[in-house]
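Here is the structure we will look at, set down as structure tokens.
Note that these values count all heavy atoms, side chains included, but never hydrogens, waters or copies made by symmetry.
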Amino acid sequence: MSARHGPVKPSSGRVDGVGMSVTRTSTLPDCRPLLADPDDLTLVFQPIVDLSAARVAGYEALSRFPGTAGLDVWFAAAAECGRAAELEALAITKSLAAVPFLPGDTFLTVNVSPHLLGTEPVQEALATRPDLTRVVVELTEHTPVDDLVALRRQADELRSRGALIALDDAGSGYSGLQQMATVRPQLVKLDRALVTGIDTDPVRSALTEMVGEFAGRIDAWLLAEGIETTGELAASIRLGVPLGQGWVLGRPGPDFAPLAPEVVRLVQTQVARARLTDSVASLLRPVRQCSAGESTPGVAPAVLVGDLGNPVGLLLADARTGATFTAPVSLRVHPSGGVTETLQRALTRPPAHRFDPVVCTDPTGTVVGLLRVEDLASAAAAR
């Protein structure tokens, strides 16, 4: 997922050239005993889900270390004593040893730092499994790679042995886009910062669409990591993201576990909702929500909600001046409402509110998104 071989909490410290928190040497654990006893490094596996089919498509191998120190601390310790490549090689060797035990029709994602890919220990670790079929080598890096040509050559060599190449944290910066353009990965992992709140932030939604379109143009699959809420899952499915990973789908575990039955039902429900092409569900746009009592409610458009979470107003912006103003909720519909019917109802509103967004709520009255009259008109005309 994020830095190195598993999800870590963001650090308040400076980030160095290998994407790890820099900690004073006196606070770093001694990684030499760990390398002396490889059994101290263990693996867990987090499912990667085919969202359209509600099934596990693969797993990511994540490293775990003894004690309470986080992953960034262990890899920082290895870097401090000049053994970063050895520690990474140990994790890679253990991950590749698990490939024969994969369930059918699944793959295993193995994390590799690009700046260590060409080192002897990492190359030897990758050589422990000459046939890399069903292996996805995920290049995880948070700083620019100096030699992209060499990285492309190394990636192509892995591809020649059957591996697929993935890039982590897509959309997180210019260097990430450069790597995508050069390496041409088969799998692109959407930066977790874009996935968090994707169901309520139109900007994140638009960026996801942009990265997804770019990935499609280079024949890559888009994977949204860090999906932690039902709303983020629904938004990812609605945006056509094919693969997902995160706690709402399955937490890391010691085995290659299948999806829990309740997760299968959750994904299937969201897919069915997104496929209601004759309904307004496919036209929903994420929207910010803020309390109607806030003195500075935020950036338009937004839905103003009451104490019970019910929509009581809209915060809109004038198309010519950009000035914000409030408007009443003049029309509420359910996601299953028909496109043509909803458009007709919208256009029969008073002239002052005829083109205001339509609020979409679920049966409990919770806001699930906004509908633009322009989108309704386009969809109705296409039918």
Side-chain angles (χ1 to χ4, degrees), residues 1-13 15 19-21 46-51 60 62 70-72 109 111 138 140-143 166-177 180 187-215 221-252 263 266-267 270-271 273-274 284-291 294 297-303 305 309 362 366-370:
M1 293 183 70
S2 55
R4 307 315 236 143
H5 295 268
V8 296
K9 296 295 183 183
S11 170
S12 58
V15 176
M20 297 177 295
S21 173
Q46 185 171 31
I48 296 170
V49 180
D50 179 342
L51 296 178
E60 181 175 8
L62 305 170
L71 298 172
D72 56 344
T109 295
N111 294 298
E138 180 178 331
T140 59
E141 189 71 327
H142 300 270
T143 56
L167 279 185
D168 192 22
D169 291 347
S172 60
Y174 176 64
S175 62
L177 295 177
M180 268 199 285
L187 193 150
V188 173
K189 296 190 78 171
L190 192 64
D191 186 11
R192 183 175 179 177
L194 293 182
V195 176
T196 301
I198 193 175
D199 54 320
T200 59
D201 189 340
V203 174
R204 285 184 170 87
S205 178
L207 285 171
T208 297
E209 288 184 295
M210 180 192 73
V211 176
E213 181 177 354
F214 185 86
W221 288 69
L222 187 64
L223 191 162
E225 66 174 342
I227 300 176
E228 296 189 354
T229 68
T230 300
E232 291 167 357
L233 173 64
S236 299
I237 291 173
R238 187 169 62 250
L239 291 168
V241 177
L243 299 172
Q245 180 180 0
W247 284 7
V248 75
L249 297 168
R251 299 200 176 203
V263 174
L266 173 63
V267 175
Q270 298 302 332
V271 169
R273 174 180 158 186
L284 283 177
R285 291 176 176 260
V287 63
R288 295 181 181 87
Q289 299 181 41
C290 50
S291 172
E294 290 184 24
V299 180
V303 175
V305 296
D362 66 15
T366 302
V367 176
V368 295
L370 282 186

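- Minimum heavy-atom separation, L187 to L243: CD1-CD1, 3.9 Å.
- Across all non-hydrogen atoms, the minimal contact from L51 to V267 is O-CG1, 3.3 Å.
- Shown here for R204 and G197, the closest heavy-atom pair between the two residues is CD-C, 4.2 Å.
- The line from CD1 of I198 to CG of L207 is 9.0 Å long, rounded to the nearest 0.5 Å.
- Here the closest heavy-atom approach between residue L284 and residue R238 is recorded as O-NE, 3.5 Å.
- Across all their heavy atoms, I227 and G244 have their closest contact at CD1-CA, 3.9 Å.
- When side chains are defined from C-beta on, V49 does not count as touching V263, because their heavy atoms never get closer than 4.5 Å.
- A side chain to side chain contact (heavy atoms under 4.5 Å, CB included) with D168 is found for one member of N111, V188, T140 and no other, namely T140.
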Going through the distances and angles, do V241 and V195 end up as a side chain to side chain contact (heavy atoms under 4.5 Å, CB included)? CA-CA 11 Å; V241 177; V195 176; over 6 Å; no
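- A salt bridge does not link E232 to R192: none of the charged side-chain nitrogens sits closer than 4.0 Å to a carboxylate oxygen.
- In this structure, the separation between CD on Q245 and NZ on K189 is 4.0 Å, given to the nearest 0.5 Å.
- For P202 against P286, the heavy-atom pair with the smallest separation is CG-O, 3.4 Å.
- Between L239 and the options L190, T208, D199, a side chain to side chain contact (heavy atoms under 4.5 Å, CB included) holds for only T208.
- The distance from the CD1 atom of I48 to the OG1 atom of T109 is 3.5 Å, given to the nearest 0.5 Å.
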